[in-house]
Amino acid sequence: MINVISALGKYGIDWVRELGSMGLFFYNAFLGIFKPPRKFYSTIKQVHFIGNKSLAVVSFTAAFSGMVLGLQGYYTLSKFGSEGLLGSAVALSLIRELGPVLTALMVTGRAGSAICAEIGIMRIEEQIEALECMAIDPYSYIIAPKVLGCIIAVPLLTAIFDIVGMIGGYAIGVGLMGVNPGAFIWGMKNSVLNQDVWMGVVKSFFFAILIIWICCYKGFWAGTRRGSFGAEGVSKATTEAVVLSSVMVLVGDYIVTSLML
Amino acid sequence: MSNAEVTSLIRVENVDTHYDSLKVLHNISFEVQPRAITVIMGVSGCGKSTLLKLLIGLKKPTAGNIFIDGKNLVNMNRRELDAFRKRIGVLFQGGALFNSMTVGENIAVPLRVHTKLSEETIRIMTQLKLEMVGLAGFEDFMPSQLSGGMKKRAGLARALAMDPEILFFDEPSSGLDPITSAGLDNLILKLKSAFGMTIVVVTHELESAFAIADQMIVMDKGEILAQGTPEEVKKSTNERVIQFLNREPEEKYSKDSQFLETLIGKI
Amino acid sequence: MKVSLRQVNDGISVIDLEGDFDLYSSPKAREILLKLAKEKAPAVVVNLSKVGYMDSSGIATLIEALRALGKYGGKLILAGVNLKTMEVIKLARLEKIFDIKENEEQALASTKSQTQQV
């Protein structure tokens with residue numbers, strides 16, 4: 001019995017310690033954005049890295065998500081005789097929910113894991129210590145450009161997701177299921193309001209920060225905790241980063257949605 | 001940046017340090033002489049790598065002081081620590097090169113961050129450093145294209161980029177064949193004589209140590225067992241030092257009766 | 001580091017450097033040397049007698065100047081190199097590349113004999 005309690009207690013303490021550590025990391029990374037050296041080119045490189053790596057998977061996912069929305073939306077709406085509203089259904093679902101969330105999940109799996117692994121390898125090869133010994137702040141030199149790059153790339157990718165998804169939904173709804181094209185487009189234009197777009201934008205920025213925070217943090221401290229040194233530590237960190245980012249995106253999705261409704 | 005007389009002197013006083021609750025260094029005291037090569041040696045796990053981390057400010061001691069030119073490393077603020085680090089160069093065990101940059105770009109990193117030197121000046125300096133470490137012409141190679149020995153030399157070129165006063169080497173010979181290792185030893189000696197650099201080397205390779213050391217510090221289990229010139233250390237009467245210098249394996253075998261008991265149980 | 005430029009007869013320029021010729025002061029010397037090269041100065045003497053410490057950025061600056069001047073046949077001469085600086089030059093194996101004279105008088109004398117030969 002005592003063992004269960006002490007195990008729970010240890011788990012709780014570790015959890016709080018991890019939270020504090022993440023908070024400190026966020027603080028240092030934030031400060032790092034404003035410290036020298038200049039980050040313009042390195043940020044552009046990161047935007048290219050994150051955007052480029054994720055573009056294909058985001059477009060692909062968007063196309064099929066939009067198409068599925070077209071199918072399922074038609075099926076559901078036809079029960080109420082409201083097939084004409086398919087345009088609204090597809091657009092609102094994508095812009096408010098599926099665009100930001102699915103983009104975030106795809107970016108996490110593709111670019112987030114790559115970034116976590118990259119930083120993790122730097123950690124186990126002592127490259128981060130090397131930077132510190134050269135009087136270069138690793139938060140400013142390595143982390144900050146990635147943070148800025150992600151905050152720029154993810155909302156842009158979300159926008160691409162929305163557009164490709166809507167095209168997919170149109171293709172299925174109008175092309176396959178026979179919904180009136182005029183009705184589809186009119187539905188979209190009419191029901192999407194500013195606040196819907198805002199919700200999508202806020203979510204994409206919020207998710208971008210979550211993803212890069214978690215993935216960079218896990219990579220930064222890879223292999224330094226007991227029980228997982230060296231390459232095994234990097235692999236463990238990457239897995240944890242992807243899982244935690246994905247879960248937090250979904251939790252954050254609920255929070256933002258409920259706050260903005 | 002200092003001029004004619006290099007006064008860099010490191011003085012370690014009664015330093016203890018822990019990893020969580022485990023004490024890994026006990027009452028360490030010694031001085032690093034300027035313009036000389038100090039070799040810290042001992043078996044794996046003796047605490048020498050931890051000691052190196054303390055000297056470069058990557059870890060704080062739990063007790064004691066480390067004086068650099070009279071200023072206490074333990075109490076330094078960010079700015080003072082940065083100023084200290086701009087005067088030193090550190091070669092980590094694998095070279096610690098940044099994988100996404102070429103060798104040339106790696107060497108240029110501290111110059112690009114800390115100075116306003118022109119691109120051409122940086123390019124020429126990179127070539128000078130590469131020539132110094134025997135890697136001339138490799139500036140456009142990626143780290144993944146280099147052998148282990150070349151990675152170390154590239155890492156050394158980067159450590160030398162800002163013309164440091166003090167150089168720290170973490171196990172420089174590890175993973176190197178005898179010839180490359182001897183080449184590295186010669187380079188270390190050259191750096192001392194031509195640039196008057198103060199050099200601290202952490203190693204467990206006896207031959208290299210005796211080839212380059214002006215001062216030796218032999219450690220075991222977190223304590224200093226012997227220190228002094230190589231001759232003085234060779235004359236040490238400490239049993240563990242003699243064992244280490246003669247490469248005698250440690251007797252880890254238990255008594256016969258104990259061993260048999262563990263195997264078959266009490267008879 | 002103090003950098004001052006003066007002209008002597010025959011259009012030879014002499015640059016006097018005083019202090020440490022290092023990472024933070026080399027850009028100043030570089031600017032003046034490259035300007036002289038742009039103006040196609042026939043010969044430049046760099047007076048290092050008051051330089052206490054020169055690091056690899058100083059050497060790199062001198063190499064760049066040597067190249068820039070050499071493009072049109074201009075000459076770069078180092079005068080008053082002290083022992084320490086000489087060791088640094090030797091370690092970089094550049095003692096044969098640079099024209100090094102004991103002091104300013106000898107440096108100027110060597111340029112005169114060269115122009116006389118022409």
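Chain A is the first sequence line, chain B the second, and so forth, proteins listed ahead of strands; every chain is numbered from 1.
- Here the OG1 atom belonging to B/Thr121 is positioned 13.0 Å from the CD1 atom belonging to C/Ile59, to the nearest 0.5 angstrom.
- For the pair B/Ser193 and C/Glu87, the tightest heavy-atom approach, listed with the atom from each and the gap, is O-OE1, 3.8 Å.
- Side-chain contact between C/Leu94 and B/Leu128 is present, with at least one heavy-atom pair separated by less than 4.5 Å.
- Contact record, C/Tyr24 with B/Met162: OH-CE, 4.0 Å, taken as the closest heavy-atom pair.
- Counted within 6.0 Å of CZ on C/Arg6, heavy atoms from surrounding residues, nucleotides or ligands total more than 12; the atom is thus considered enclosed.
- By the 4.5 Å heavy-atom criterion applied to side chains, B/Met132 and C/Arg93 are not counted as neighbours.
- Environment of CD in B/Glu31: crowded, with over 12 heavy atoms of neighbouring residues, nucleotides or ligands closer than 6.0 Å.
- Within the 4.5 Å cutoff, the side chain of C/Ser26 has heavy atoms near those of the B/Leu117 side chain.
- Within the 4.5 Å cutoff, the side chain of C/Ile63 has no heavy atoms near those of the B/Gln127 side chain.
- Contact between C/Pro27 and B/Lys116 at its shortest, heavy atoms only, is CG-O, 4.3 Å.
- Per-residue heavy-atom pair counts under 4.5 Å with chain B were compared for C/Gly19, C/Ala60, C/Ser56, and the maximum is reached by C/Ser56.
- Contact check for C/Arg67 versus B/Ile124: side-chain heavy atoms found under the 4.5 Å cut-off.
- The environment of B/Gln145 atom CD is dense: over 12 non-hydrogen atoms of other residues, nucleotides or ligands sit within 6.0 angstrom.
- For CD of C/Glu102, the number of neighbouring non-hydrogen atoms (other residues, nucleotides, ligands) closer than 6.0 Å is 12 at most.
- For B/Leu160, no part sits under 4.5 Å from any heavy atom of chain C, backbone or side chain.
- In this structure, the side chains of B/Asp163 and C/Asp22 stay at 4.5 Å or more apart for every pair of heavy atoms.
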